[in-house]
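Order of listing sets the numbers, starting from 1, for every ligand and every atom in it. Computation of the quantities below employed the complete heavy-atom set of this structure, encompassing side-chain atoms and omitting hydrogens, waters and symmetry-equivalent molecules. What you are looking at is a predicted structure, and each value in this text was computed from that prediction instead of being measured.
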Amino acid sequence: MNTFSFTKMHGLGNSYIYVNMFEETIPEALFSELAIKVSNVNTGIGADGMILICPSDVAPVKMRIFNSDGSEGKNCGNGLRCVAKYAYEHGLVAERSFLIETLSGLVQAEVFVENGVVTSVTVDMGNPRLKRSEVPMIGEEAEQVVAETVEFAGGTYEITAVSMGNPHVIFYVDDITHAPVTSLGPIVEKDARFPEGVNVEFVEVVNDQELHFRVWERGSGVTQACGTGACAAVVASVLNGKTARNKETVVHLAGGDLVITWTDEGNVLMTGPAETVCTGVYYY
Ligand SMILES: N[C@H](CCC[C@H](N)C(=O)O)C(=O)O
């Protein structure tokens, strides 16, 4: 019987099982199936996936994120805030500001500490990728996917699609409480026009600095929050003239709020909480 120690953490209710790979040894071939198993609320621990905190050659730590279906994501905003909290509180980093390696590149995190406990984290998520080919999305239309009319399941919709290192498509709705998250989300997630799949976000614009947000995540389905998705929603809202560059936008997710700015320099800053739920030992 094998075991590994874990820490369950969440960012606005988007929870993952975190494994410190500086201390644990798990065969790479098992990463996907273990992500599925630990995510199961009945037979496992219960979470939206598994995140490995790994050594890196280019940063103090590297984040690898696996969705609850076992697929590996290339970025995770809520995960990055929790990785930053874990790394600082467990002495993997000495400074409050440090780099984290992800599969979509390096990001800069800054932790805010009260009595030795990280209460909030700001992550510079880097520049959004705006080209259709970078989302990626198949199609010969305009170079960017902004307010593009597309058909899904017999319905006609206007979409905006961008990447934060992982793919996102945004639908604007008049009332977030009636957004078709569970009906349209899974259809769009697997649509062939998104060859790598896609995270599906629904946004209600409150004003030019406030959005309501719900998400159907690629590989995890409905989650309480999606950090990269909230960043994509702010970028999409600027592209659609609904919010402004260089101004803090509050994104109200099901699990709570993120403050996000798409700066004039081009990078996207995300600030929000990160919390530890519990630690334990998993048997497999
Ligand atoms: N489902 C995402 C990864 C998790 C992203 C999300 N939890 C976040 O906080 O950004 C994907 O496959 O691209």
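Ion pairing between a basic and an acidic side chain is recognised when a charged N comes within 4.0 Å of a carboxylate O; Arg96 and Glu110 show such pairing.
Within the structure, salt bridge (charged side-chain N to carboxylate O under 4.0 Å, His left out) contacts touching residues 80-95 (residues at least two apart or in different chains) are Lys85-Glu89. Residue pairs meeting the salt bridge (charged side-chain N to carboxylate O under 4.0 Å, His left out) criterion with at least one partner in residues 11-28, sequence neighbours excluded, are Glu28-Arg64. Counting only residues at least two apart or in different chains, salt bridge (charged side-chain N to carboxylate O under 4.0 Å, His left out) contacts with residues 256-276 are absent.
Under a 3.5 Å cut-off, the side chain of Thr243 and the backbone N or O of Val238 do form a donor-acceptor pair.
Other residues, nucleotides and ligands contribute only 12 or fewer heavy atoms inside 6.0 Å of the CD atom of Glu248.
The protein residues lying under 4.0 angstrom from ligand 1, judged by non-hydrogen atoms, are Asn14, Tyr16, Ile65, Asn67, Asn75, Cys76, Gly77, Asn78, Asn166, Asn199, Glu217, Arg218, Cys226, Gly227, Thr228.
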